[in-house]
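In what follows, a single structure is set out as structure tokens and then discussed.
Just the heavy atoms: all of them, side chains too, but no hydrogens, waters or symmetry mates, feed the values below. All of these numbers come straight from a predicted model, not from anything done at the bench. Numbers here are sequence positions counted from 1.
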Amino acid sequence: MSNVVVVEGLRKSYGSVKAVAGVSFTVGRGQIFALLGPNGAGKSTTLEILEGFRARDGGRVEVLGLDPGDRAVARELRERIGLVLQDIAVEPYLTVREAIARNAGYYRNPRDVDELIELVDLSGLERRKVRALSGGQKRRLDLALGMIGNPDLLFLDEPTTGFDPSARRSAWQVVRNLREAGTTVVLTTHHMEEAQELADRVAVISDGRIVSEGTPENLGGRDTSRVRISFVPPAGSTAADLPVDAIPGKGARVVTETDEPTATLHRLTDWALRRGTVLDQLTVERPSLEDIYLDLTDRDAPEPATRGNAL
Ligand SMILES: Nc1ncnc2c1ncn2[C@@H]1O[C@H](COP(=O)(O)OP(=O)(O)OP(=O)(O)O)[C@@H](O)[C@H]1O
């Protein structure tokens, strides 16, 4: 797979603040790549350098085979990338359709305006003024404006902040459809579910450095972490009766952790069935992406109390 983005040893300081302190990663063609990290970690600075808005202090950067630091390629880069940034100002007295159609005029090979309106779920709102849109509708317009130029590479900076759950799911589908059509996407998000749902690869940045990179499934050893099984033991039985070592959990639950979930579950369910009973409220969980993320970005934090459901 050819790389659409190559970043090697990228550095950028603002005075004495080392915002980006030696960041390296690549993004393959047609991939969705998510950059995660706490506030102030260096995500926006990295993205702004890739987008050609900010000069770097050091390191190598290639975007669609071009150096975004080279002013001579700015126009070509502008044609081939799409941007959905935070707080985009759109002329408030234009209608949705006018705003999209106007931006279409800036590109050589724009998408069809009406198709795009449908794609981002703004059908029926074409004639509404931008100033009368809700926060989530405005963000969908931002998404349309980022895509209107038919970009090879789309940057999405916290694309679904302020969306209701249903709008968020439709926006995810829009992004997945773009990937199907061959568009490469680089996004930042604070929603771990978004990264889990969308990203082919994720990198976690903290204090200007990448602290872990992988797929949402294997980031930080997530796929090999111990599995946690929890349930309420049958009435009349104690922890000592169970066929596995378990410790008290929340309420009446007990919890056991294992590297061999199949065998442990077999022992437990076999034990329960032989007694003609059930393991009430049984859950089997690996750490969620959010658990792993919190571990990676705050090593002093206590063990997270809640865990996700993905196995
Ligand atoms: N123009 C600037 N001048 C001085 N310092 C800056 C500037 N822009 C960012 N910084 C500092 O650089 C560091 C990285 O900021 P950056 O905006 O890249 O982080 P971020 O990961 O995008 O954060 P957020 O999630 O809050 O958007 C922070 O310490 C920030 O205060």
Between the side chain of [X] and the main-chain N/O of [Y], is any donor-acceptor distance below 3.5 Å?
{"X": "T188", "Y": "D157", "value": "no"}
{"X": "T256", "Y": "V244", "value": "no"}
{"X": "R168", "Y": "T160", "value": "yes"}
{"X": "R176", "Y": "L198", "value": "no"}
{"X": "K43", "Y": "G37", "value": "yes"}
{"X": "S225", "Y": "G221", "value": "yes"}
{"X": "T264", "Y": "E260", "value": "yes"}
{"X": "T95", "Y": "E98", "value": "yes"}
{"X": "D57", "Y": "S13", "value": "yes"}
{"X": "N3", "Y": "T26", "value": "no"}

Next on the checklist: By the ring-ring contact (aromatic ring centres under 6.0 Å, His included) test, which pairs, at least two apart or in different chains, include something from residues 172-201?
Outcome noted: none
Item to check | Remaining members of the apolar cluster that contains Y93, side-chain heavy atoms under 4.5 Å | outcome: none
Any chain of hydrophobic side-chain contacts (each under 4.5 Å) joining [X] to [Y]?
{"X": "L279", "Y": "L273", "value": "no"}
{"X": "L141", "Y": "Y106", "value": "yes"}
{"X": "I210", "Y": "V6", "value": "no"}

Checklist entry - Going through the checks in order, is the side chain to side chain contact (heavy atoms under 4.5 Å, CB included) test met by I229 and V255? => result CA-CA 6 Å; I229 300 170; V255 177; over 6 Å; no
Do the side-chain N and O atoms of [X] and [Y] include a donor-acceptor pair separated by under 3.5 angstrom?
{"X": "R253", "Y": "S230", "value": "yes"}
{"X": "T189", "Y": "E194", "value": "yes"}
{"X": "Q137", "Y": "R140", "value": "no"}

Regarding [X] and [Y], does a basic nitrogen lie under 4.0 Å from an acidic carboxylate oxygen?
{"X": "R226", "Y": "E257", "value": "yes"}
{"X": "R29", "Y": "D152", "value": "no"}
{"X": "R274", "Y": "D270", "value": "yes"}
{"X": "R97", "Y": "E126", "value": "no"}
{"X": "R222", "Y": "D295", "value": "no"}
{"X": "R80", "Y": "E76", "value": "yes"}

Calculate, to the nearest 0.5 Å, the distance between atoms [atom1] and [atom2] belonging to [X] and [Y] respectively.
{"X": "D114", "Y": "D112", "atom1": "CG", "atom2": "CG", "result": "5.5 Å"}
{"X": "R179", "Y": "I32", "atom1": "CZ", "atom2": "CD1", "result": "3.5 Å"}
{"X": "S123", "Y": "E115", "atom1": "OG", "atom2": "CD", "result": "11.0 Å"}
{"X": "R286", "Y": "T224", "atom1": "CZ", "atom2": "OG1", "result": "7.5 Å"}
{"X": "R169", "Y": "D121", "atom1": "CZ", "atom2": "CG", "result": "14.5 Å"}
{"X": "M147", "Y": "T183", "atom1": "CE", "atom2": "OG1", "result": "7.5 Å"}

Could you check if a side-chain atom of [X] sits within less than 4.5 angstrom of a side-chain atom of [Y], using non-hydrogen atoms only?
{"X": "E213", "Y": "V202", "value": "no"}
{"X": "L187", "Y": "L35", "value": "no"}
{"X": "V7", "Y": "R60", "value": "no"}
{"X": "P38", "Y": "Y293", "value": "yes"}
{"X": "P243", "Y": "L268", "value": "yes"}
{"X": "R209", "Y": "V23", "value": "no"}
{"X": "T184", "Y": "L154", "value": "no"}
{"X": "V232", "Y": "L282", "value": "no"}

Nearest non-hydrogen partners of [X] and [Y], listed with the distance:
{"X": "L289", "Y": "P216", "answer": "CD1-O, 3.7 Å"}
{"X": "L47", "Y": "F155", "answer": "CG-CD2, 4.1 Å"}
{"X": "A99", "Y": "V90", "answer": "CB-CG1, 4.0 Å"}
{"X": "L50", "Y": "L77", "answer": "O-CD2, 4.2 Å"}
{"X": "F163", "Y": "G136", "answer": "CE1-O, 3.7 Å"}
{"X": "A104", "Y": "V113", "answer": "CB-CG2, 4.3 Å"}

Checklist entry - Between D67 and R56, does a side chain to side chain contact (heavy atoms under 4.5 Å, CB included) hold up when you go through it step by step? => result CA-CA 11 Å; D67 177 352; R56 61 187 185 268; 3.0 Å; yes
Next on the checklist: I'd like to check the ring-ring contact (aromatic ring centres under 6.0 Å, His included) partners of F33; sequence neighbours left out, ordered by chain and number.
Outcome noted: F25
Item to check | CA sep, side-chain torsions, deciding dist, call: V186, L156, side chain to side chain contact (heavy atoms under 4.5 Å, CB included) | outcome: CA-CA 6 Å; V186 175; L156 302 174; over 6 Å; no
Next on the checklist: Between R11 and V20, is the side chain to side chain contact (heavy atoms under 4.5 Å, CB included) condition met? List the steps.
Outcome noted: CA-CA 5 Å; R11 287 184 292 108; V20 180; 5.8 Å; no
Next on the checklist: For a side chain to side chain donor-acceptor pair (under 3.5 Å) check, start with the C-alpha distance between E217 and Q196, then their side-chain angles and the critical distance, and finish with the verdict.
Outcome noted: CA-CA 8 Å; E217 286 69 35; Q196 174 77 54; 3.1 Å; yes
Next on the checklist: Tell me which one of V120, L116, N103, V84 satisfies side-chain contact (heavy atoms from CB on, under 4.5 Å) with L145.
Outcome noted: N103
Item to check | From CA spacing to verdict: side chain to side chain donor-acceptor pair (under 3.5 Å), T45, Y14 | outcome: CA-CA 10 Å; T45 302; Y14 302 103; 2.9 Å; yes
Checklist entry - Take atom CD in Q86; do more than 12 heavy atoms of anything else shown fall under 6.0 Å from it? => result yes
Checklist entry - Within a reach of under 6.0 Å around NZ of K18, are more than 12 heavy atoms found that belong to other residues, nucleotides or ligands? => result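 Open: at most 12 neighbouring heavy atoms sit under 6.0 Å from NZ of K18.
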